[in-house]
S.K.: 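Pasting in a structure now, in structure tokens, and then I'll have a few things to ask.
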Amino acid sequence: MIFSRRSNLPSIKETAHRVNQLALPHGGERYRSTPAAAQSYPDAFSWVSAIRSSSQNGRFKDALCLYTRMQGSPFVPTTFAISAALKACARIPAKVSGTAIHAQVHKFGHERDVYVQTALVDLYSKLGDMGIARKVFDEMPARNVVSWNSILFGFWRAGDLLAARRVFDEIPVKDAISWNSMIAGYAKAGDMPQAESFFRQMPHKNVASWNGMISGYILKGNVAAARKMFDEMPERSNVSWIEMISAYAKCGAVHSSRELFDQREDKDLGSWNAMIACYAQNSWPKEAILLFGEMLETGDLKYGLEVESYMSRIGIELDDHLRTALVDLHAKCGSMDKAYKLFNSLSRRDLVSYSAMIMGCGINGRVSDAIHLFDKMVNEKMSPNAITFTGLLTAYNHAGMVDEGYQCFSSMMNVYRVPPSADHYAIVVDLLGRTGRLEEAMSLITSMTVKPHTGVWGALLLSCKIHGNVELGEIAAKHCIELETESESSGYIILLANIYASVGRWDDAKRLRREVEEKSLAKTPGCSWLGLG
DNA sequence: GTAGGGTTAG
């Protein structure tokens with residue numbers, strides 16, 4: 001049955017042919033096929049897998065598209081395919097498609113399948129059509145607790161408290177979901193005494209039971225009672241934390257929000273969002289932005305990638321601007337394949353997206369790719385800017401291609417009229433310096449039209465360390481120390497000390513190291529980052 | 001391998 005092919009089952013073949021004329025989906029529910037839903041599959045099992053995986057990733061429209069396309073394949077939709085498709089219809093929600101699939105259920109003779117029938121009950125419950133949901137439910141030859149819970153959910157959703165209560169009492173074997181539906185149902189209806197009563201009677205409470213009570217109290221504005229529950233519960237989920245943080249946020253208790261947020265170990269994306277939103281809602285924009293930056297820093301852009309999956313989950317369509325931001329993100333994470341994929345999916349590639357790609361190639365050592373992209377971009381009549389050149393120079397630097405890099409640097413000014421910034425100089429100094437061309441690097445610095453920053457002098461200093469050049473190293477270190485605040489200069493001093501050591505000037509090395517040590521000891525008491533200074 | 005609840009950021 002599951003693996004049935006039309007050719008093996010002629011009677012179904014006929015039916016299937018007729019049903020195919022239904023041409024799902026139709027009416028107002030026309031769904032654009034995405035690449036994921038455009039493939040074809042060799043057997044019924046693969047079709048079902050594809051439909052289910054789309055559904056599991058929240059791509060319900062893809063799932064439905066696939067189901068529709070399965071009609072054109074040599075395979076008859078199985079109970080597995082049908083229940084997956086019904087689930088997608090329930091989640092979208094898609095009434096017309098759902099009803100059409102309901103018709104197919106009869107054509108294919110799945111009236112006795114408990115999975116398909118339960119999916120139908122759930123579909124109509126979610127569509128708010130309790131008349132049909134009840135009819136399907138009543139006609140089921142066999143029901144299990146999932147079927148009962150589905151109709152129970154429908155009555156709660158329809159606001160029919162009495163029917164819900166009656167259904168609950170009739171459920172032969174209740175499970176946690178049955179109980180939690182009652183708790184959450186009464187809580188949402190604002191009847192906390194009833195919610196509490198069910199909560200107390202429930203035999204094996206889980207996190208959701210507690211969360212239901214917490215959200216009920218919050219809804220009533222009783223944050224203290226919610227907090228009491230939160231403190232008493234044996235284990236908390238992300239939802240518990242986020243609910244409490246945002247409850248405090250809504251009543252302006254920013255510090256209480258933050259206190260909970262700080263207690264949260266292994267913060268998930270939701271906790272960060274809730275805290276950032278708390279600042280935003282309470283007019284603390286600076287803190288909101290700072291925390292957002294902190295979120296991106298924590299865990300190596302891990303959350304940046306989560307943001308992407310989050311957006312696709314809640315169905316935010318990626319426009320070119322967002323895609324470009326993600327190109328940049330992936331490129332900087334080293335996932336150049338993903339960056340390329342997104343870049344190629346752009347409806348129009350512009351200066352910003354090209355530059356993001358070139359920069360990514362530069363960071364990840366893909367010189368020829370960077371050059372290729374640059375040429376393509378210029379061919380498309382786009383004018384590169386300072387960022388584009390930073391990417392390209394980074395690429396040359398990564399590959400140690402000194403002459404090509406230097407040529408690129410000259411053409412920047414002469415051909416493209418982009419004045420080089422200190423950052424560009426820093427890259428070229430690094431490029432020259434690392435290959436031992438220290439004098440050239442030094443004269444480049446002296447010829448600079450913009451003021452060299454520590455990046456420039458630091459690049460020279462590092463090169464002097466590599467090649468053991470004391471004379472230029474001293475000059476570079478001197479500038480670095482001058483430009484940097486006292487607390488951050490010790491790194492440069494140590495570097496200079498290492499240069500002395502590498503040429504055998506042990507006394508000078510020792511002297512500098514002691515200097516750094518004394519400085520760090522002296523400033524420790526005042527070294528506060530708590531904003532006291 | 002199929003079907004159900006929790007909902008918090010927005």
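When reading the values below, keep in mind they use all heavy atoms of this one structure, side chains included, and skip hydrogens, waters and symmetry mates. Throughout, a chain's letter reflects where its sequence line sits, starting with A, and its residues are numbered from 1.
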S.K.: Which nucleotide, B:dT2, B:dA9, B:dG5, lies nearest any side-chain atom of A:F80?
M.R.: B:dT2

S.K.: Grab the CH2-P distance between A:W47 and B:dG1 for me, whole Å please.
M.R.: 22 Å

S.K.: With heavy atoms under 4.0 Å as the rule, sort A:D122 into base, sugar-phosphate or nothing.
M.R.: sugar-phosphate

S.K.: Measure the distance between the ring centre of A:F153 and the centre of the six-membered base ring of B:dG5, then answer whether it is under 5.5 Å with planes under 30°.
M.R.: no

S.K.: How many whole angstroms separate atom CE of A:M275 from atom P of B:dT8?
M.R.: 18 Å

S.K.: Less than 4.0 angstrom between a side-chain N/O of A:S215 and OP1 or OP2 of B:dT7, yes or no?
M.R.: yes

S.K.: Could you pick out which residue, A:N144 or A:A184, lies toward the 5' side of DNA chain B when each is mapped onto its nearest nucleotide?
M.R.: A:N144

S.K.: Is atom CZ of A:R134 surrounded by more than 12 heavy atoms (other residues, nucleotides or ligands) closer than 6.0 Å?
M.R.: no

S.K.: The side chain of A:K87 lies closest to which of these nucleotides: B:dG5, B:dA3, B:dT2?
M.R.: B:dA3

S.K.: Salt bridge check, A:D262 against A:R258: does any charged N sit closer than 4.0 Å to a carboxylate O?
M.R.: yes

S.K.: What is the distance from CZ of A:R91 to P of B:dG6, rounded to the nearest Å?
M.R.: 10 Å

S.K.: Touch check for A:Y115, heavy atoms < 4.0 angstrom, all strands: base, sugar-phosphate only, or nothing?
M.R.: base

S.K.: Check every strand shown and say whether A:A274 touches a base, only sugar-phosphate, or nothing at a heavy-atom separation below 4.0 Å.
M.R.: nothing

S.K.: Of all the nucleotides listed (B:dT7, B:dT2, B:dA9), which has the minimum atom distance to the side chain of A:E243?
M.R.: B:dT7

S.K.: Taking 4.0 Å as the cut-off, does a side-chain nitrogen or oxygen of A:K250 come that near to OP1 or OP2 on B:dA9?
M.R.: yes

S.K.: With A:K87 as the cation and A:F60 as the aromatic partner, state whether NZ or CZ is under 6.0 Å from the six-membered ring centre and within 45° of the axis.
M.R.: no

S.K.: Tell me whether A:K126 forms a cation-pi arrangement with A:F153, defined as NZ or CZ under 6.0 Å from the six-membered ring centre and within 45 degrees of its axis.
M.R.: yes

S.K.: I need the OH-C1' distance between A:Y186 and B:dG5, as an integer number of Å.
M.R.: 16 Å

S.K.: Check whether any side-chain N or O of A:S246 sits under 4.0 Å from OP1 or OP2 of B:dA9, and answer yes or no.
M.R.: yes

S.K.: How close or far is atom C1' of B:dG10 from atom CD1 of A:I245, stated in whole angstroms?
M.R.: 16 Å

S.K.: With a distance cut-off below 6.0 Å to the six-membered ring centre and an angular limit of 45° from the axis, does A:R52 pair with A:F80 as a cation-pi contact?
M.R.: no

S.K.: Report the distance from atom CG of A:N211 to atom P of B:dG5, rounded to the nearest whole Å.
M.R.: 16 Å

S.K.: Hey, does A:V48 reach any base, or is it just sugar-phosphate, or nothing, if we go heavy atoms under 4.0 Å?
M.R.: base

S.K.: Quickly work out the A:R52 CZ to B:dA3 P distance and round it to whole Å.
M.R.: 6 Å

S.K.: Just the rounded figure in Å: distance from C1' of B:dA3 to CD1 of A:I177.
M.R.: 11 Å

S.K.: Under the 6.0 Å and 45° cation-pi test, does A:R349 pair with A:Y354?
M.R.: no

S.K.: Considering every strand and a 4.0 Å limit on heavy-atom distances, what is the contact class for A:K174: base, sugar-phosphate, or nothing?
M.R.: nothing

S.K.: Can you check whether A:K205 has a side-chain N or O nearer than 4.0 Å to OP1 or OP2 of B:dG6?
M.R.: no

S.K.: Using a heavy-atom cut-off of under 4.0 Å over every strand shown, decide if A:D175 touches base, sugar-phosphate, or nothing.
M.R.: base

